[in-house]
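Only one structure is covered here, and it is reproduced in the block below.
Basis for what follows: all heavy atoms, side chains included, without hydrogens, waters or symmetry-related copies. First the proteins, then the strands, lettered A, B, ... as listed; each starts at 1.
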Amino acid sequence: MPSLQDLNPPQREAVEYSGGPLLVLAGAGSGKTRVITYRIAHLIEDRGVKPENILAVTFTNKAAEQMKQRVAHLLSARLESWPHLSTFHSFAVRVLRREIGRLGYHGEFSIYDEADQARLVKGALQELGLEERTLGPRAALARISYAKNRGLSPEALYRQAADPASERLASLYARYEQKLREAQALDFDDLLLKAVELFDQAPEVALAYNERFIHLLVDEYQDTNRIQYQLIRQLCQRHQNLCAVGDEDQSIYRWRGADIQNILNFERDFPAAKIIRLEQNYRSTQTILDAATAVVSRNRARKGKRLWTDRGAGFKVALYEAWDAEDEAEFVSEEIAPALQDHAAESVAVLYRTNAQSRAFEEALRKRSLDYRLVGGFSFYERAEIKDVLAYARLAANPQDSGALLRSINTPRRGLSEATMKAVESIARGGNLSLWQAIEQELAAPSGRLSARAMRSLEGFRSLLREFAESRQRLSLPAFFRHILERTGYVDALRAENSSESEGRIENLAELVNAAAEAETRGESLSEFLDHAALVSSADQYDERARVSLMTFHSAKGLEFSWVFLAGLEEGLVPHQLSLGDEAGIEEERRLCYVGMTRARERLFLSRVSRRRSYGKELQEETRRSRFLDEVPSELIERLNDSLLTPKPRVAWTNAVNSVESVESFLGRRGRSRGRMGERSPGVAGERSRWPRGTKVRHAKYGVGTVLESEGEGEETKLTVSFPGYGQKKLLERYASLERV
DNA sequence: TTTAATGGGTTTTTT
DNA sequence: ACCCATTAAA
């Protein structure tokens, strides 16, 4: 039985309120998660609601998982059934796996991630002969997604197109949708859209879900988009038991279609709505809170809250103005090291605007042998080898999945040329078939357009897939993946490659089999495992046991740390260059800054860099401090260094030059050579080489030349040879069959 | 057919 | 600095 004594009056009111739609405006650190978990526990224990009648939607899988545990902890008895806790997307997938037949899709549809989508758009651009420079696949995709989320069909987009470019976009959109459907695939937007469409078209299904989920709780309501809003409305239509929890000051997903109006207009949308404000902050010191509030209160689009805390003032907000990114990272790690040692800080986060900024911090932390966890960036399921193998699994479930087919058909190499695939695609287009159907047709009744060799390869690929479709029924999840690895020769190909990377890839694949084994013990089917892989978010990588975490401002939402470093507070970064266009964009950046600041419990460090290299350019550019820095009252700030007029390198110059590492990085940074530095220094052709400089050699095609340089040894020797009349050529000894003259 | 070099274009944040 | 498409070479 949850003790409501643990709650303050407004929290308690929010937990107990039962009069219909409820909006809880929960300021940062005001116990939002607590309200949701207590409310769920209260519904179950005190009001006799069956757990399975409760649906709670969170932003990440991790948040859902955490909430589940906390609810379990609050309850005195073990539950017969569980409340359904998930993200919008996973919820939609669950519904669709059962019901999508009503919309003419196969229940084993594939989920397309951004890479699959880009491939599709690229194909569509080619087919339509629209390979224009003005609209890359990524940009096109963004605009298609925008249209989709606004409920615009390709036809509607076409009708309202004002210029030829918009018309082209509309036809691209149409082709893209057609290709998705052919592949029996849904993109991320579709997951939500199709769920809404389903509930629209099949009221009896909507009703069934209304009856199943009598109580609906939505976390992070400020970040819901239009489609999610529609879904929420459909789900709570009957019982009106919606409890939305959010904070308009933390709305940071506008670029993904989040509509801050959803929270600002809650009372208009739900006329009988009750609004409760949680304004007591339990997380941060007064100083941190004041600093953050000073920034965000410049925004106009707010409902307004007054956050307070009964914790003391604490430390001032520290400000460090760094010379360059390395200096900034050096500062951060220098502060962190002793704090971890003497436990002045239990947990530390270094937050930045863009993932690209993480590198400097990683280097600095590693140099001090400080353990850290990086959240975001490249996730496990985004690695090429993982996606390759998952593509085979996807095909076993859904052979129409052209994206997966294109990905897997020639990896590992099966000798299918680009020309062959072009021909297959053209056969598919001609007969209005999926790629898989085209292959089947071609094998059954050869048109003669493909070489005998290509036909053999396709035959092999087909029997492989048929085998997988069968073995999938028979084998356990991990055994199925092992089977794929073996039969496709994927691991063998990696072994043969024998490069520094291939070893890591093989390990990753072993890890994939492990993940499958874990899924198996959770009782997941292949579909569910694949869904999970498609829907993991980068925020899910966060490991609360880590003492130092590196992540973007966005990923940090919902988390808290004893110490927080906000790095790179410069114009163009925070606020970001691309958000400077309109006031709404600036306001969102300001909220982002607010979210970052309010993650801190004890200490907040702000830093900026005065010279930053952009796009790996040679030249570092002068930066300007973020306007948000000026919005923090100066009496709350303690400057850690005087000014940038007299920059002094933090690392002693002599040290920096003498250490091998810094010499290398020095050379690496200044040097013009491409590729990774110091990995393979061009060997001077010395006496020990079999091909000393000046050796005369004969080449079958170029005739006699003079060796200028040789790299590597034995079979791998690479020679630079100057041939009169042909210029310099780089040749591999192994292939070039050179003759000494 | 496959692989490595080269040149051109690009990057916010992510379910 | 990184990703991609194109091209040269075996």
Side-chain angles (χ1 to χ4, degrees), chain A residues 57-63 86-93 111 113-115 118 122 131 133 136-139 142 145 149 187-192 220 223-225 227-228 252-258 351-357 359 375-379 382 384 410 412-420 451 453-454 457 497 499 531 534-541 551-557 568 572-580 585 588-589 591-592 595-596 613-618 668-669 674-677 699-702 718 726 729-737:
Chain A
V57 190
T58 60
F59 208 67
T60 64
N61 300 298
K62 193 127 218 165
S86 73
T87 63
F88 272 108
H89 287 85
S90 338
F91 171 74
V93 168
I111 300 172
D113 66 11
E114 217 168 318
K122 223 173 281 173
E131 288 158 287
R133 241 143 278 191
R138 258 182 91 96
S145 169
N149 278 307
D187 64 19
F188 282 134
D189 296 326
D190 281 337
L191 295 179
L192 303 173
E220 311 282 12
D223 283 322
T224 51
N225 66 25
I227 311 299
Q228 289 164 332
I252 54 175
Y253 285 95
R254 187 176 80 117
W255 50 274
R256 214 172 65 196
L351 308 183
Y352 36 78
R353 181 64 227 269
T354 65
N355 280 307
Q357 288 168 260
R359 180 173 294 242
V375 178
F378 230 50
S379 96
E382 281 170 305
N410 207 26
R413 310 253 173 227
R414 293 196 177 82
L416 287 160
S417 69
E418 206 178 318
T420 305
S451 68
R453 186 186 156 139
S457 280
E497 195 182 295
S499 68
D531 289 348
L535 296 175
V536 282
S537 69
S538 69
D540 292 330
Q541 297 166 30
M551 67 186 89
T552 62
F553 286 80
H554 283 89
S555 303
K557 191 174 72 157
L573 216 43
V574 187
H576 197 275
Q577 195 66 42
L578 298 176
S579 304
L580 295 176
E588 172 136 321
E589 297 285 320
R591 291 192 291 270
L592 201 48
V595 167
R613 195 192 315 273
S614 52
Y615 310 111
K617 277 201 200 79
E618 192 85 352
R669 255 176 236 126
R674 19 178 90 253
R676 244 151 272 148
M677 304 308 153
H699 184 273
K701 196 160 147 199
Y702 305 119
K718 211 182 282 177
Y726 292 95
K729 299 282 168 197
K730 292 205 182 237
L731 306 166
L732 269 176
E733 182 190 335
R734 178 145 52 127
Y735 294 114
S737 55

- Tell me whether the OP1 or OP2 atom of dT14(B) has a side-chain N or O from Arg254(A) closer than 4.0 Å. no
- Message: Within the 4.0 Å heavy-atom criterion, would you say Ser555(A) contacts the bases, only the backbone, or no part of the nucleic acid?
- Response: sugar-phosphate
- Give a yes/no verdict on base stacking between dT15(B) and Phe88(A): centres under 5.5 Å, planes within less than 30° of parallel. no
- Query: How far does CD of Glu114(A) sit from CD of Glu382(A), to the nearest 0.5 angstrom?
  - Reply: 8.5 Å
- Task: Kindly write out the residues that satisfy ring pair (Phe, Tyr, Trp, His ring centres under 6.0 Å) with Tyr253(A), not counting sequence neighbours, or none if the list is empty.
- Result: Phe59(A), Trp255(A), His554(A)
- Start with the C-alpha distance between Val595(A) and Phe553(A), add both sets of side-chain angles, then the distance that settles side-chain contact (heavy atoms from CB on, under 4.5 Å), and finish with yes or no. CA-CA 7 Å; Val595(A) 167; Phe553(A) 286 80; 5.9 Å; no
- 5′-ward residue of the pair Val536(A)/Ser579(A) relative to DNA chain B: Ser579(A)
- Message: Run the salt bridge (charged side-chain N to carboxylate O under 4.0 Å, His left out) test against Arg254(A) and tell me which residues pass, sequence neighbours left out.
- Response: Asp582(A)
- Message: Using whole Å, what does the distance between atom P of nucleotide dT13(B) and atom CG of Asp223(A) come to?
- Response: 16 Å
- Task: Round to the nearest Å and state the distance from Asp187(A) atom CG to dT14(B) atom P.
- Result: 19 Å
- Could you state the CG-P distance from Leu351(A) to dT14(B), rounded to the nearest angstrom? 12 Å
Could you list the protein-to-nucleotides 1-3 of chain B atom pairs, N/O on both sides, closer than 3.5 Å?
| from | atom 1 | to | atom 2 | distance (Å) |
| --- | --- | --- | --- | --- |
| dT3(B) | OP2 | Arg413(A) | NE | 3.2 |

- Does OP1 or OP2 of dT14(B) have a side-chain N or O of Thr552(A) closer than 4.0 Å? yes
- Item | Length of the line joining Asp531(A):CG and dT15(B):P, which is rounded to integer Å | 16 Å
- In whole angstroms, how far is the P atom of dT11(B) from the CG atom of Leu573(A)? 17 Å
- Under 4.0 angstrom, heavy atoms only, what part of the nucleic acid is Leu578(A) near: base, sugar-phosphate, or nothing? base
- For dT11(B), does either OP1 or OP2 sit under 4.0 Å from a side-chain N or O belonging to Thr354(A)? no
- Task: Any chance you could measure Thr60(A), atom OG1, to Glu220(A), atom CD, to the nearest 0.5 Å?
- Result: 8.5 Å
- Establish, with yes or no, whether the OP1 or OP2 oxygen of dA5(C) is under 4.0 angstrom from a side-chain nitrogen or oxygen of Lys122(A). yes
- Message: Rounding to an integer number of Å, can you tell me how far Phe188(A) CZ sits from dT14(B) P?
- Response: 13 Å
- Query: What distance do Leu592(A) atom CG and Lys557(A) atom NZ have between them, rounded to the nearest 0.5 Å?
  - Reply: 10.5 Å
- Against the side chain of Arg256(A), the closest entry in dT11(B), dT13(B), dT15(B) is dT15(B)
- CZ of Phe553(A) versus P of dT14(B): gap in Å, rounded? 12 Å
- Asn225(A) CG - dT15(B) P separation (whole Å): 14 Å
- Expressed as a whole number of Å, how far does the P atom of dC4(C) sit from that of dT13(B)? 15 Å
- Listed nucleotide nearest any side-chain atom of Asn355(A), set dT11(B), dC2(C), dT13(B): dT13(B)
- Item | Beyond-backbone contact of His576(A) with Thr354(A), side-chain heavy atoms, under 4.5 angstrom | yes
- Query: Where is the tightest heavy-atom contact between Asn355(A) and Val375(A), given as atom of each residue plus distance?
  - Reply: OD1-O, 4.4 Å
